[in-house]
Amino acid sequence: MGASIDPTMVDQMGPLRSFLVRMGLASTSDHSSVVAITLFVTLLCACIVIGHLLEENRWMSESITALIIGLCTGVIVLLFSQGKSSHIMLFSEELFFIYLLPPIIFNAGFQVKKKQFFRNFITIMLFGAVGTFISFSIVSAGAMLLFKKFDIGPFEIGDYLAIGTIFSATDSVCTLQILSQDETPLLYSLVFGEGVVNDATSIVLFNAVHNFDLTHIDGSTALQLFGNFVYLFLTSTALGIGAGLLSAYIIKALYFGRHSTDREVAIMILMSYLSYMLAELFYLSGILTVFFCGIVMSHYTWHNVTESSRITTKHAFATMSFIAETFIFLYVGMDALDIEKWKMAKRSPGTSVGLSGVLLGLILVGRAAFVFPLSFLSNCLKRTPNSRIGFRQQFVIWWAGLMRGAVSMALAYNQFTRSGLTKLPENAIMITSTISVVLFSTVVFGMITKPLIRLLLPQSSKPGQDNTSDPSSPKGLHIPLLGNGEAVDIDGCHVRRPSSLRMLLQAPSFTVHYYWRKFDDAYMRPMFGGRGFVPFVPSSPAGAGNGDAWAR
């Protein structure tokens with residue numbers, strides 16, 4: 001499990017190794033692993049420094065920077081290895097799914113603005129679950145129809161369905177680095193939420209394709225696939241919520257902060273990772289589990305620890321997520337120049353370009369086929385005009401989901417390689433096509449994203465705009481806490497709360513939030529703590545006021 005040293009780096013990189021020995025960076029003994037890890041950590045540091053210097057660049061993002069540095073590094077390694085390898089370390093899907101993905105998804109749930117996420121939950125589920133099924137169907141059917149013209153090899157029905165899941169997995173990291181929760185709360189919530197649910201749905205579909213007998217597909221098989229998805233979604237979510245509540249109860253009951261804040265931080269990190277591993281152990285969706293564990297921990301557990309632990313965990317989770325994201329994009333850049341895979345493909349450059357173009361076209365069509373119709377359906381379900389998704393926002397959502405990244409790479413390796421190695425030409429060309437799509441979509445689409453958002457949504461760059469009247473603004477969420485018929489002035493706006501029945505018909509999300517708050521205050525917080533709970537630590541300044549100040 002985990003990263004392994006590329007075997008070609010040991011046997012075939014004589015010039016690079018001798019150079020490192022002469023420079024004093026390696027000894028004549030076998031220190032290949034130390035050399036590889038040292039070089040990779042150096043590259044990670046370079047990505048952080050260069051990304052910081054390009055912070056204000058309108059075209060670049062940290063993900064694109066890491067990709068480009070990976071490409072440049074791959075070229076250098078190729079030169080020193082005399083064209084035999086472009087890798088410092090060998091990619092492993094276990095490395096991705098067990099070590100790199102959990103901190104990214106957990107931090108996403110831990111940092112998300114929960115009110116904004118759950119009030120758009122129906123739209124997020126439409127995009128992330130229903131939309132992924134639509135995209136999966138279109139990409140699979142298109143690949144089955146068009147790949148025959150390229151004569152790339154014998155593919156079975158399972159391979160085509162796997163291709164549909166691989167290229168339905170979005171990667172919104174680049175866009176989320178540009179969007180702001182404060183400036184574009186609705187867009188950020190939709191793009192972010194869809195990305196998490198989409199990744200979980202794609203992986204569940206991918207596993208289902210492998211587990212079901214696809215030689216005889218009928219209505220019962222499709223119904224089993226859907227039932228399996230619903231089961232995995234509900235059980236994975238329940239496991240994540242349970243792990244989060246357990247961590248909150250343990251910390252609240254035992255008061256770790258009396259003796260050591262390190263124990264508080266350690267139990268939060270380990271419990272979150274334990275939830276992910278339990279989900280993998282029971283063949284559930286680790287993504288959904290650790291995501292909802294992060295949400296619950298941010299709502300209860302985080303408020304039960306001391307103030308110093310709050311600061312530590314908030315930045316520790318964000319740092320681990322950032323390093324994992326940079327690691328992934330850096331390696332994808334180096335993997336794009338893997339000569340062995342390109343040689344194994346045994347196809348002309350025109351065939352590879354044509355196949356990649358077809359896949360990009362299917363991605364464009366598949367995403368458009370659900371973003372605009374489902375946005376229309378979502379708008380029909382919303383009563384207030386300000387909560388509806390405008391056409392420009394729909395276009396940004398469509399564009400944000402065109403990028404493919406680490407999940408697509410990991411699924412492609414899982415389907416078409418064995419231990420990171422490719423033996424068949426048809427499998428090799430699918431790996432190289434996936435790499436091409438990931439590179440093109442991330443670099444080209446990613447570079448255009450920031451100027452596109454500034455062009456289509458110029459109001460998002462204006463600081464200090466008043467979002468009081470926008471239901472997607474956190475200020476608007478104070479309205480459901482009023483009693484029937486009561487009124488309040490919010491930043492000069494006189495707002496009156498309608499009757500319960502009328503409120504339920506016109507603003508169901510407000511109503512659910514209102515009754516959830518009553519239930520949470522009456523039953524959940526007395527048992528599990530949360531905002532307003534004061535940890536029993538005499539020397540700690542943490543308290544209700546601090547909890548409110550740190551609330552997200």
Side-chain angles (χ1 to χ4, degrees), residues 101-121 124-125 128 181 189 192-193 195-197 199-200 232-254 256-257 264-282 284-306 309-310 312-314 316-318 320-321 477 509 512-513 515-533 535 542 547-548 550-552:
L101 190 60
I104 296 174
I105 302 300
F106 176 80
N107 183 67
F110 193 76
Q111 302 287 351
V112 70
K113 291 186 175 180
K114 298 178 288 295
K115 295 176 183 177
Q116 193 63 238
F117 176 82
F118 283 106
R119 72 179 313 183
N120 295 303
F121 188 74
I124 288 171
M125 289 303 301
Q181 291 198 74
S189 174
F192 163 78
V196 174
V197 178
D199 287 345
L232 287 176
F233 185 91
L234 294 178
T235 52
S236 301
T237 301
L239 178 59
I241 293 174
L245 291 176
L246 179 61
S247 69
Y249 183 79
I250 290 174
I251 291 180
K252 176 177 178 292
L254 299 181
F256 285 98
E264 291 181 320
V265 176
I267 197 69
M268 288 186 68
I269 294 175
L270 293 176
M271 286 291 292
S272 61
Y273 191 67
L274 178 63
S275 70
Y276 183 88
M277 295 309 300
L278 284 175
E280 294 298 315
L281 180 65
F282 295 114
L284 303 177
S285 172
I287 289 180
L288 284 173
T289 297
V290 78
F291 174 71
F292 281 98
C293 179
I295 291 179
V296 173
M297 277 193 173
S298 69
H299 189 67
Y300 295 108
T301 313
W302 188 77
H303 295 280
N304 296 346
V305 300
T306 58
S309 296
R310 294 176 191 175
T312 302
T313 52
K314 185 180 180 71
F317 292 139
M320 289 188 292
S321 173
L477 294 173
S509 62
V512 173
H513 178 259
Y515 286 110
W516 160 250
R517 284 293 300 272
K518 293 183 66 175
F519 174 79
D520 191 29
D521 292 338
Y523 299 101
M524 299 297 288
R525 288 183 178 177
M527 178 176 294
F528 300 105
R531 186 170 58 182
F533 172 75
D548 291 335
W550 277 90
R552 294 172 300 287

> How far does CG of Leu232 sit from OG1 of Thr237, to the nearest 0.5 angstrom?
Replying inline: 10.0 Å
>> So Phe528 and Val296, do their side chains get closer than 4.5 Å, heavy atoms only?
In response: no
>> Which heavy atom of Ile287 sits nearest to which heavy atom of Val196, and what is that distance?
In response: CG2-O, 4.0 Å
> Taking side chain as C-beta onward, heavy atoms only, is Met297 less than 4.5 Å from Phe317?
Replying inline: no
>> How long is the straight-line distance from OH of Tyr300 back to CE of Met524, given to the nearest 0.5 Å?
In response: 4.0 Å
> If every non-hydrogen atom of Ser321 is compared with every non-hydrogen atom of Asn107, which pair is closest and at what distance?
Replying inline: CB-CB, 3.7 Å
> Under 3.5 Å, is there a donor-acceptor pair between the side chain of Ser189 and the main chain of Gln116?
Replying inline: yes
> Which pairs, with at least one residue in residues 266-276 and sequence neighbours excluded, count as a side chain to side chain donor-acceptor pair (under 3.5 Å)?
Replying inline: none
>> To the closest 0.5 Å, what do you measure between CD1 (Ile124) and CZ (Phe117)?
In response: 4.5 Å
> Any luck finding a side-chain donor-acceptor pair between Ser309 and Glu264 under 3.5 Å?
Replying inline: yes
>> Would you compute the distance between atom CG of Asp199 and atom OG of Ser285 and round it to the nearest 0.5 angstrom?
In response: 9.5 Å
> Should the ring pair Phe292 and Phe233 be called parallel, tilted or perpendicular, given that the plane angle runs from 0 to 90° and is split at 30 and 60?
Replying inline: perpendicular
>> Distance check, rounded to the nearest 0.5 Å: Arg310 atom CZ versus His303 atom NE2?
In response: 7.0 Å
> Aromatic rings Phe519 and Trp516: how do their planes relate, parallel, tilted or perpendicular, breaks at 30° and 60°?
Replying inline: tilted
Under 3.5 Å donor-acceptor pairs involving side-chain atoms of residues 239-254, not counting sequence neighbours:
from, atom 1, to, atom 2, distance (Å)
Ser247, OG, Gly244, O, 2.7
Ser247, OG, Thr301, OG1, 2.9
Lys252, NZ, Pro526, O, 3.4

> Can any side-chain N or O of Ser236 pair as donor or acceptor with the backbone N or O of Thr289 at less than 3.5 Å?
Replying inline: no
>> To the closest 0.5 Å, what do you measure between CZ (Phe121) and NZ (Lys114)?
In response: 15.0 Å
